[in-house]
Amino acid sequence: MDLSLHRVRERRSQMDPESEDARKNYPSIHFNGQIHPLINIPVKGFIFYQGESNTKRGLEYGQMLEALIDDWRAQWNLGDLPFYYVQLFNMGIAGSRIYEESNWADTRDQQLGLLFKDIDNIGMAVSIDTNEDPDNAVARIRIHPKNKKPIGERLALLAMEHTYGEDTLGTSPFLKSSYICHDSVYVVLENAYAGLQPAKIGEDLRGFVVAGADRNFYPASATIVNDSIIALKSERVKIPVAARYAWSKNPDCNLVNSAGLPASPFRTDQWPSGYDY
């Protein structure tokens, strides 16, 4: 059995079904109450916006979401229905907006990684720039952003481009590959369209860090080399081996493509998470 799913079964076996926590979080309770009644209704696809409550177990999220996609498609029995989901937004309060090991960053990484697995007909809307009040002292405000319109629009663009075949630029930039030359890390992004740029023309690119073999990340200057490649360099890292972008709970980042869609947070390394779960 998959390790993450095994852990879910262990947690379920330890829950008191009559407890307040179980009434809110017992596995299948939300499915039975909200999804199962819809199964006989024909649908064109699914859009999915969830994940905040899973950040406490962020490294399990990719396998859990993949299992959910498989299950919903099996329940409807209409083939590989489109499944478009939202990557976690920017949410304070961050220890550092430049770089921090974070369960939110790990969960976003899991969400991004799903796109590169052998799963047909899925897409991800990036929302890293949508929370206008990420540091609000009231938790329910900072974790439930009012600015939902861009997220709905980005989900619609994915459906228009990939489900309805319209000539629409609807996909955010994602890391495609990277390479190192001398003292710089070069990152190559897909879905740049006519080119990568800062969200506000004239600003410097923000949100990039690089690290050497010691795995300590430092802020990096970012230079656009061509439509899809950015060169990263830090005076504090003479021999870089890895780079990351927007790696914080509430990162200060501004990379977009020519359609104005924000780039997903990414990393070039596969180092274990430094967050203490």
Side-chain angles (χ1 to χ4, degrees), residues 58-59 87-88 90 94-117 124 126-129 169 171-275:
L59 299 178
Q87 188 184 48
L88 284 180
N90 53 314
S96 168
R97 299 194 65 197
I98 304 301
Y99 172 81
E100 65 175 346
E101 293 288 344
S102 161
N103 54 348
W104 280 63
D106 287 342
T107 305
R108 294 186 193 113
D109 191 46
Q110 291 279 309
Q111 292 171 319
L112 175 64
L114 210 63
L115 297 178
F116 300 96
K117 300 187 72 172
M124 185 183 77
V126 177
S127 65
I128 199 66
D129 60 336
L169 306 180
T171 307
S172 278
F174 303 130
L175 179 69
K176 181 178 182 180
S177 62
S178 66
Y179 59 94
I180 296 168
C181 184
H182 303 302
D183 60 354
S184 298
V185 180
Y186 292 79
V187 291
V188 184
L189 288 93
E190 55 185 322
N191 309 315
Y193 300 132
L196 300 167
Q197 59 192 46
K200 293 183 179 180
I201 300 301
E203 289 186 341
D204 292 333
L205 289 176
R206 303 188 303 273
F208 293 93
V209 293
V210 297
D214 61 2
R215 302 188 181 185
N216 292 321
F217 283 93
Y218 297 98
S221 62
T223 302
I224 296 175
V225 177
N226 59 29
D227 285 349
S228 60
I229 299 177
I230 297 175
L232 308 174
K233 182 178 179 179
S234 172
E235 292 183 357
R236 301 186 67 178
V237 183
K238 300 303 182 183
I239 306 176
V241 299
R244 296 187 181 185
Y245 171 71
W247 207 265
S248 170
K249 193 172 186 178
N250 178 24
D252 180 18
C253 56
N254 63 345
L255 177 64
V256 301
N257 61 18
S258 60
L261 296 171
S264 166
F266 64 78
R267 60 176 175 153
T268 66
D269 63 274
Q270 294 299 317
W271 295 334
S273 171
Y275 183 79

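Counting begins at 1 with the first residue of the sequence.
Contact of the F217 side chain with the W247 side chain is not registered, since no non-hydrogen atoms from C-beta on lie closer than 4.5 Å. Contact check for L261 versus V126: no side-chain heavy atoms found under the 4.5 Å cut-off. Using a 4.5 Å heavy-atom cutoff, the side chains of L255 and P173 are not in contact. No side-chain heavy atom of P240 sits under 4.5 Å from any side-chain heavy atom of L232. With contacts defined as side-chain heavy-atom distances shorter than 4.5 Å, the pair V241/W271 qualifies.
Within the model, atoms CZ of R108 and CG of N103 stand 9.5 Å from one another, a figure rounded to the nearest 0.5 Å. The structure places CG of L175 at 10.0 Å from CD1 of I230, a figure rounded to the nearest 0.5 Å. Taking CD1 from I239 and NE2 from H182, the interatomic distance works out to 12.5 Å, rounded to the nearest 0.5 Å. For the atom pair CG of L112 and CG of L88, the computed distance is 12.0 Å after rounding to the nearest 0.5 Å.
A donor-acceptor pair under 3.5 Å links the side-chain atoms of T268 to the main chain of A243, judged by distance alone. Side chain of S177 to backbone of V188: no donor-acceptor contact under 3.5 angstrom is found. Of the possible polar contacts, one joining the Y193 side chain to the T171 backbone as a donor-acceptor pair under 3.5 Å is found. Using a distance-only test at 3.5 Å, with no hydrogens or angles considered, a donor-acceptor pair links the side chain of S234 to the main chain of P219. A donor-acceptor distance shorter than 3.5 angstrom exists from the side chain of S248 to the backbone of S96, with no hydrogens or angles considered. A donor-acceptor pair under 3.5 Å links the side-chain atoms of S127 to the main chain of Q87, judged by distance alone.
Here the shortest heavy-atom pairing between A263 and I128 reads O-CG2, 4.1 Å. Nearest heavy atom pair, residue P251 against residue N90, reads CD-CB, 4.3 Å. Taking each heavy atom of P262 and S172 in turn, the nearest pair found is O-OG, 2.7 Å. Considering every non-hydrogen atom in both M124 and S264, the closest pair reads CE-OG, 3.9 Å. Across D106 and Y275, no two heavy atoms sit closer than the pair OD2-CB, 4.0 Å. For A192 against N257, the heavy-atom pair with the smallest separation is O-CB, 3.4 Å.
In this structure K117 satisfies the side-chain hydrogen bond (donor to acceptor under 3.5 Å, both in side chains) test together with E66, sequence neighbours excluded.
The local environment of CZ in R215 is crowded, with over 12 non-hydrogen atoms from other residues, nucleotides or ligands closer than 6.0 Å. Within a 6.0 Å radius of CD in E203, more than 12 heavy atoms belonging to other residues, nucleotides or ligands are found. The neighbour count for D204 CG, taken as heavy atoms of other residues, nucleotides or ligands under 6.0 Å away, does not exceed 12.
Between Y245 and F208, the two ring planes are tilted [angle within 30° to 60°].
Exactly one residue among I229, V256, L189 makes a side-chain contact (heavy atoms from CB on, under 4.5 Å) with L196. That residue is L189.
Sorted by first and then second residue, the salt bridge (charged side-chain N to carboxylate O under 4.0 Å, His left out) pairs involving residues 241-270 (not counting sequence neighbours) are E101-R244, D109-R267, R206-D252, R244-D269, R267-D269.
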